[in-house]
Amino acid sequence: MNRGTARRQLPLQAAIMLAAATGGILDAGFPDRSWWVLAPLGVALMMVALLGRGPWAGLLIGMVAGLSFWLIHISWLTLYLGPVPWLALAGLESIFFGIGLALIGVVLNVGPRVWPTVAGRLGVVPVVVAGLWTAREAISAVWPYGGFAWGRVAISQSESPFNGLVAWVGMSGLTFLIVWLSTLAVQLVREVQFGALARWSIAVASVALLLVVPAWPTVPSGTARIAAVQGASDAGLFARYSPGQILADHTSATLPLIGQKVDFVVWPENASDIDPTRSADAAKVLDYLGTAMSAPIVAGTITQRDGKFYNSSLLWKAGEGAVDIYDKVHPVPFAEYMPDRAFWRPFAPELIDLISRDYAIGTQGNVFDIDGIRAGIAICFDIADDQLVQEMISGKAQVILAQTNNADFGYTDESVQQLAIARLRAIEAGRTVVNISTVGTSAIITPDGETLDRLQTWEPGAMVETVPLSDTVTPAMSGGRELEWFVSGLGLAGCALCLLNALRTRRRSRVRSDGKGGRG
């Protein structure tokens, strides 16, 4: 251990208990509680549990922390699907978590020896640790089976003073900065060369440095008057309803809007349980509403083409039908399709067989031209996919329509976690986001992250608002995902140096031990 860094190590049992507690602390930083300050605290306490531990102990501590976090964070999966998918997904994510924290533990313990100066301990080590955390999130967000981009530290900051940073550095960049702050705090506590005043000064200055970054200015390019309709329909995977009921619910919630002048109407994912492209009756309903509203309708439904099923969003114009279609690019594995069905079926045949219909992956662009208004379309978990949001802005989207169906998750935290992602996307992309759900949480979020309107959960209703459109390209959108790759690369490269140093140190210790043994 470097002389400038204090030796502090919890007993292993205490470290494991602390790791178990940190999962709950980290989760409390996310909606529904949204005690955002607890997220960086939870990360910092995970670092404390790793101090003085080798890779294998770090893996154990990391998996305990990860399992604690994920079991709480995605407990909403159990509402209709039971414990098996919940335990399986939490277990998979905890493996990623464990590997990531094991590598972070190596950097925390070996890094002060690799970079022995104060600048190295306080400057390089936190950067490498934050880069590793970001890399772990980036990998698990895209792999396997398209990944699960949930639980990212950035999401906990959707309503914090740091949320404006996402327009500059993106979701991964915000995660990096929050973890950097947490690690810097731990490193400051470890320093023995500085007094309390110096440590507090560095900590306060670091936080202030991030808080003084100005919000990225979003310049409106016009406005659009949008009606977003929530039918309060139980459109869950296993819900029982008569054919046409969900379509009728959204029709009923739209009828009171007749007479209001809007540019278009948006319904949520699965808002029509009957495909109007194959049902003349459903088509007549949309034609009637479109004519009565004198506006196109963007509606979610399940379509079938060429023997394949798609989770689709239709741009419907009265008398013309579906003039554009977006099929969901990121269908959810083990829910909307069953990957490697033959392999997984023996583990839980009853659950696997429940997914009797596999949705195909869409290939169309995710931007609709609605009478000159360019709207990016995200269906449910699409909003969590960095690449799809990037494609919307590349496609000149001026507003983002996030259509979702949260009926499977009742009154759980899932819907507000998803809304937190939508809020960050609004700031990150510099676009108004209309987050419209079958049952809630539905809200319209402006580019500065403020809520313009909101609907009560599980109650039918509509939001009719004039929202700003924008062609602004934020630094986060301009830079794409290069920042994520850059900081992840820094983390992996720094970790590799620490691993090499640890191996060289071990070899030297063996040589010395063998030499002493030979002279005996």
Side-chain angles (χ1 to χ4, degrees), residues 141-142 145-150 170-171 221 224 226 228 263-272 275 277 296-303 305 308-317 322-333 336-337 359-405 418-419 421-437 444-445 447 467 469-474 476-478 480-481:
V142 298
Y145 303 127
F148 187 57
W150 222 256
M171 294 276 268
S221 59
I226 300 174
D263 291 297
F264 61 87
V265 180
V266 57
W267 283 4
E269 175 190 22
N270 304 142
S272 177
D275 177 8
T277 66
I297 299 174
V298 179
T301 190
I302 304 303
T303 62
R305 305 188 302 279
K308 296 180 180 179
F309 290 95
Y310 297 90
N311 188 349
S312 303
S313 181
L314 311 179
L315 174 55
W316 191 275
K317 292 188 176 182
V323 297
D324 205 349
I325 299 177
Y326 167 69
D327 299 320
K328 190 175 182 182
V329 171
H330 199 156
V332 180
E336 293 180 308
Y337 78 101
Y359 293 117
I361 295 173
T363 58
Q364 298 98 327
N366 59 354
V367 177
F368 285 167
D369 186 331
I370 309 176
D371 295 334
I373 299 170
R374 296 190 65 80
I377 309 297
I379 300 178
C380 199
F381 285 8
D382 277 355
I383 197 67
D385 190 312
D386 292 349
Q387 184 60 39
L388 293 180
V389 176
Q390 185 74 41
E391 289 174 6
M392 292 180 194
I393 304 307
S394 297
K396 308 298 183 183
Q398 300 166 294
V399 64
I400 295 174
L401 309 180
Q403 302 167 279
T404 187
N405 174 16
Q418 188 169 336
L419 182 62
I421 298 173
R423 188 181 308 279
L424 284 175
R425 293 303 189 194
I427 303 170
E428 179 188 34
R431 300 293 187 273
T432 297
V433 173
V434 180
N435 191 81
I436 184 66
S437 168
I444 298 177
I445 311 297
V467 306
L469 304 176
S470 178
D471 296 319
T472 297
V473 179
T474 65
M477 292 293 102
S478 178
R481 304 185 68 182

K.L.:
Can you list the steps and then say if Val266 with Ile226 is a side chain to side chain contact (heavy atoms under 4.5 Å, CB included)?
P.N.:
CA-CA 7 Å; Val266 57; Ile226 300 174; 4.0 Å; yes
K.L.:
Taking Gln403 for the side chain and Trp267 for the main chain, is one N or O donor matched with an acceptor at less than 3.5 Å?
P.N.:
yes
K.L.:
Under the side chain to side chain contact (heavy atoms under 4.5 Å, CB included) criterion, do Asn435 and Ile444 qualify, and how do the steps go?
P.N.:
CA-CA 6 Å; Asn435 191 81; Ile444 298 177; over 6 Å; no
K.L.:
Using every non-hydrogen atom in the two residues, find where Ala402 and Ile383 come nearest and quote the distance to one decimal.
P.N.:
CB-CD1, 4.2 Å
K.L.:
Once rounded to the nearest 0.5 Å, what's the spacing between atom CG of Asn405 and atom CG of Asn270?
P.N.:
4.5 Å
K.L.:
Atom CZ of Phe381 and atom NZ of Lys328: how far apart are they, to the nearest 0.5 Å?
P.N.:
7.0 Å
K.L.:
Taking His330 for the side chain and Asp385 for the main chain, is one N or O donor matched with an acceptor at less than 3.5 Å?
P.N.:
no
K.L.:
Within the 4.5 Å heavy-atom criterion, are Val332 and Cys380 side-chain neighbours or not?
P.N.:
no
K.L.:
Please list, chain by chain and in numerical order, all residues satisfying salt bridge (charged side-chain N to carboxylate O under 4.0 Å, His left out) with Asp371, sequence neighbours excluded.
P.N.:
Lys317
K.L.:
Report yes if the side chains of Ile421 and Met171 come closer than 4.5 Å at any heavy-atom pair, otherwise no.
P.N.:
yes
K.L.:
Which distance, rounded to the nearest 0.5 Å, do you find between the CG of Leu469 and the CG of Asp263?
P.N.:
8.0 Å
K.L.:
Using side-chain heavy atoms (C-beta onward) and a distance below 4.5 Å, is Ile427 in contact with Pro447?
P.N.:
no
K.L.:
Donor-acceptor check, side chain of Thr301 to backbone of Ser272, threshold 3.5 angstrom: yes or no?
P.N.:
yes
K.L.:
Decide yes or no for Val298 and Leu314: does some side-chain heavy atom of the first lie under 4.5 Å from some side-chain heavy atom of the second?
P.N.:
no
K.L.:
Closest approach of Gly430 and Thr474, non-hydrogen atoms and distance?
P.N.:
N-CG2, 3.9 Å
K.L.:
With rounding to the nearest 0.5 Å, note down the distance linking OG in Ser437 to CD in Gln418.
P.N.:
7.5 Å
K.L.:
Going by salt bridge (charged side-chain N to carboxylate O under 4.0 Å, His left out), name the residues that satisfy it together with Asp386, two or more places apart in sequence or in a different chain.
P.N.:
Arg152, Arg425
K.L.:
Can you list everything that forms a salt bridge (charged side-chain N to carboxylate O under 4.0 Å, His left out) with Asp275? Sequence neighbours excluded, please.
P.N.:
Arg278
K.L.:
Starting at CD1 of Ile297, measure out to CZ of Phe264 and round the result to the nearest 0.5 Å.
P.N.:
12.0 Å
K.L.:
Listed by chain and number, what are the side-chain contact (heavy atoms from CB on, under 4.5 Å) partners of Asp327, not counting sequence neighbours?
P.N.:
Thr303, Arg305, Tyr310, Ser312, Ile325, Gln364
K.L.:
Got a sec, which residues hit ring pair (Phe, Tyr, Trp, His ring centres under 6.0 Å) with Phe309, two or more places apart in sequence or on another chain?
P.N.:
none
K.L.:
Is there a donor-acceptor pair under 3.5 Å between the side chain of Arg431 and the backbone N or O of Ser470?
P.N.:
yes
K.L.:
Can you list, pair by pair, the side-chain donor-acceptor contacts under 3.5 Å of residues 389-398, counting residues two or more places apart and other chains?
P.N.:
unit_1: Gln390; atom_1: NE2; unit_2: Met477; atom_2: O; d: 2.6
unit_1: Ser394; atom_1: OG; unit_2: Gln390; atom_2: O; d: 3.0
unit_1: Gln398; atom_1: OE1; unit_2: Arg374; atom_2: N; d: 2.9

K.L.:
If you compare all heavy atoms of Ala476 against all heavy atoms of Gly170, which two are closest, and at what distance to 0.1 Å?
P.N.:
CB-N, 3.5 Å
K.L.:
Can you tell me which residue among Asn311, Ile377, Leu388, Thr404 is in a side chain to side chain contact (heavy atoms under 4.5 Å, CB included) with Asp382?
P.N.:
Leu388
K.L.:
Which distance, rounded to the nearest 0.5 Å, do you find between the CD1 of Ile400 and the CD1 of Ile445?
P.N.:
12.0 Å
K.L.:
Show the nearest heavy-atom pair for residues Val329 and Gly362, with the distance to one decimal.
P.N.:
CG2-O, 3.7 Å
K.L.:
Taking all non-hydrogen atoms of both residues into account, name the closest pair between Ser313 and Ile379 and its distance.
P.N.:
N-CD1, 3.8 Å
K.L.:
Could you tell me which non-hydrogen atom of Tyr326 sits nearest to which non-hydrogen atom of Gly365, and how far apart they are?
P.N.:
CD1-O, 3.5 Å
